[in-house]
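First the structure, in the form of structure tokens, and then the observations on it.
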There are 2 protein chains.
Amino acid sequence: MTISRPDGQRSPTLEEVAEWAGVSRSTVSRVINGVSTVDPELRELVQRAIDATGYVPNLAARSLVTRRTDSVALVVSEPDDRTEQAEPFLNRIFTDPFLGRITAGALEVLRPEGIHLVIMPAESPAHHHVLRYLRQGHVDGVLLISSSDEDPLPQQLCDLGIPAVLSARPGKPLPMSYVDVEQQVGAKLAAEHLLAIGRHHLATISGPLDMPSSQDRLAGFRAALAVHGHAYVPSAAGNFTRASGEQAARELFAAHPEIDGLFVANDLMAEGALQALRDLGRRVPEDVAVVGFDNSIAALQCRPQLTTIHQPLEEMAAEMARLLLARIGKADPKPRSVIFHPRLVKRESA
Amino acid sequence: MTISRPDGQRSPTLEEVAEWAGVSRSTVSRVINGVSTVDPELRELVQRAIDATGYVPNLAARSLVTRRTDSVALVVSEPDDRTEQAEPFLNRIFTDPFLGRITAGALEVLRPEGIHLVIMPAESPAHHHVLRYLRQGHVDGVLLISSSDEDPLPQQLCDLGIPAVLSARPGKPLPMSYVDVEQQVGAKLAAEHLLAIGRHHLATISGPLDMPSSQDRLAGFRAALAVHGHAYVPSAAGNFTRASGEQAARELFAAHPEIDGLFVANDLMAEGALQALRDLGRRVPEDVAVVGFDNSIAALQCRPQLTTIHQPLEEMAAEMARLLLARIGKADPKPRSVIFHPRLVKRESA
DNA sequence: GGTATTCCAGGGAGCGCTCTCTCCAAGGTC
DNA sequence: GACCTTGGAGAGAGCGCTCCCTGGAATACC
């Protein structure tokens, strides 16, 4: 802290507060930390001293001894191979409603516990920066949003013994807790809905295929259709951005103009697909029915409004925070997984 | 730090590295901090010891004595009165391309300096949380994105002597550095362009009117039109979200169907306005010309693509970071302001 | 060759806090 | 009244680091 206060002096220390109140350092410390064995009268006195001096505990000193910082990091990671895309990483993550919902959910749990959340983007070239930050002990643990099964970060955190919780099933088995949603079930809901409304030429726009969740949604969609006799399902991969959805839809309809039902692996890409369909002169849902995934704000903002698969991201993030807190508490609880259920939200597009 | 390493032991200390290398604590410290007065041979030896032990400096211990943390916060603040809006704060900030660009620009400057950036949302009920975080000395300074002239945070940071730089001219005069863009000039560019392409019935959708930048854009637009004899300019205020832009456009066109030129205070709202115009059956730009503001990714993603006022957000954020670093370096440099120039980017919508 | 000067490694203090241990006083027991 | 228990305050050590000061070896100077 470089708080050069206006009056030029540093912020007061425990010792100074103690002197002001005429008690010992220990007593002040006890009051600050809410230890009950303090005479109520003294407690009151010390509280006045704290207010009078404007005392704030020095975090560095405290965490030097407690080995806690009372803050956790939300790290949004991105592997090498996707870093050089048209739309820069930071633009993508700070434009996708995903992150906001995750943050909100995590804060819901962390704030009442007095734990701070710091958000750190970690695109690949900066991985070591972030890793250094984490190793230095700025935070007690990390909520890791990782978007590829090639991402080395989960493994690294594991090796370093830094408590962490993942936002999805890890690509490789790892002794870490994670939350997830039944991706395949979500895709199945979409498939069955499209069939139920009488569509026969189905296709899908998937997310990046190095993401387990993308793979699952694609596989789930295909499997559900196979059950109904559809052996072949055209697909194109996007990267979860609106532009990539638009592009994928164009490709798909160029190759398969007969498509009348489309499952898109997130709402943002679905919005892009809607754009493409408009340009192609296809009406939604009359000519083509579209189902998205996420039930994000984007689903409500496009025309027609998106029928989509709801994913309880806020609750999932809250659960991640809870799992992390548990992990930080005791050294080595068994890694736990918590799986959430998706559901279909019917709107106008299908 | 609660790093309970897999093998159950804590991470090594300076002392242990010193012992490994057979030198003193001081020497290791010197090597770590790149002090030049170390025998190259010893330096080499110490480096091997560091690698072998996997040593990472303990941040708490270090910053206890240096009073630096080598990290700064990017705080996105929001005043009371706007917290209870349809779209939650976190959704809004993590959906607007604004934040991504700011982050990218700041990191550009901070990363090479080895300074970490932590992002903290600070909607009003959590202000004290964030303030506590900052006061505890987690960071050396703050880049403050504040969106209202009622926001108490700048003043508070100032009082606490926490180094900070603002992202726009503060609502009230304050001895803090800030960057800004010539908002009025930007609005004037929009106004003149709309006139130049032959529009006569101009209107504008502004941002929240408690933001100095919104006020400036509105005032600038009106002033520029006044010069050309337009005494009255219909306007409606949004809150910089797509939905609010759509809503504002509806209101505006319901009251003033003759409008043929529209200046919207950011691209996101302009996208919403485009949506509304499409619903109303107005062609853009034939019936209504639309000019946005920001030149964000959103301007490229809508149909027709937006003519907009470019704001060099990345450079502005980079400059903020530079100003902050300067402020952290020495106690009390004179607060500086750096003003950037907007420019018109012509696309399809006007 | 003796002294002054530089160079560079080591030792010690101390940053501000927590936490354990000690100690004192008050109350309870027989 | 002597003893033990208990509640609650203070003293001390030490977390891991940096930074200043000291001192010895190497070099330079007269």
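Per chain, numbering begins at 1; letters A, B, ... match sequence-line order.
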Solution key, residues 170-179 of chain B side-chain donor-acceptor pairs under 3.5 Å, sequence neighbours excluded:
| from | atom 1 | to | atom 2 | distance (Å) |
| --- | --- | --- | --- | --- |
| Ser177(B) | OG | Arg336(B) | N | 2.8 |
| Ser177(B) | OG | Arg336(B) | O | 3.4 |

**OP:** For a salt bridge (Lys or Arg N to Asp or Glu O under 4.0 Å) with Arg101(A), tell me which candidate from Glu314(A), Glu315(A), Glu108(A) qualifies.
**Re:** Glu314(A)
Original post:
Roughly how many Å is it from CG in Leu59(A) to C1' in dC17(C), rounded to a whole number?
Top reply: 11 Å
**OP:** Dump the intermediate steps for salt bridge (Lys or Arg N to Asp or Glu O under 4.0 Å) on Arg68(A) and Glu113(A), then the final yes or no.
**Re:** CA-CA 13 Å; Arg68(A) 296 241 351 204; Glu113(A) 298 285 325; over 6 Å; no
Original post:
Between His116(B) and His129(A), what is the ring plane arrangement, given parallel below 30°, perpendicular above 60°, and tilted in between?
Top reply: perpendicular
Original post:
What's the CD-P distance between Gln136(B) and dC17(C), to the nearest Å?
Top reply: 11 Å
**OP:** Looking only at side-chain atoms of Ser29(B), point me to the closest of dT18(D), dG16(C), dT18(C).
**Re:** dT18(D)
**OP:** Provide, to the nearest angstrom, the distance between the NE2 atom belonging to His138(B) and the P atom belonging to dG16(C).
**Re:** 17 Å
Subject >> Taking every non-hydrogen atom, the tightest pair across Arg327(B) and Gly161(B) >> reply: NH2-O, 4.0 Å
Original post:
Within this structure, what is the CG-to-C1' distance between Leu64(A) and dG16(D), rounded to whole angstrom?
Top reply: 6 Å
Original post:
Considering the options Val165(B), Val72(B), Leu157(B), Leu166(B), which one meets the side chain to side chain contact (heavy atoms under 4.5 Å, CB included) requirement together with Val142(B)?
Top reply: Leu157(B)
Original post:
How close or far is atom P of dG16(C) from atom CZ of Arg62(B), stated in whole angstroms?
Top reply: 18 Å
Original post:
Given atom CZ of Arg68(A) and atom P of dT18(C), what is their separation to the nearest angstrom?
Top reply: 13 Å
Original post:
Separation of Glu19(A) atom CD from dC17(C) atom P, in whole Å?
Top reply: 14 Å
**OP:** Find the distance Asn58(B):CG to dC15(C):P and express it as a whole number of Å.
**Re:** 18 Å
Original post:
Using a cut-off of 4.0 Å between protein heavy atoms and nucleotide atoms, how would you tag nucleotides 4-12 of chain C 5' to 3' with B, S and -?
Top reply: ----SBBBB
**OP:** Could you please name the option among dC19(C), dC17(D), dT18(D) that lies closest to any side-chain atom of Asn33(B)?
**Re:** dT18(D)
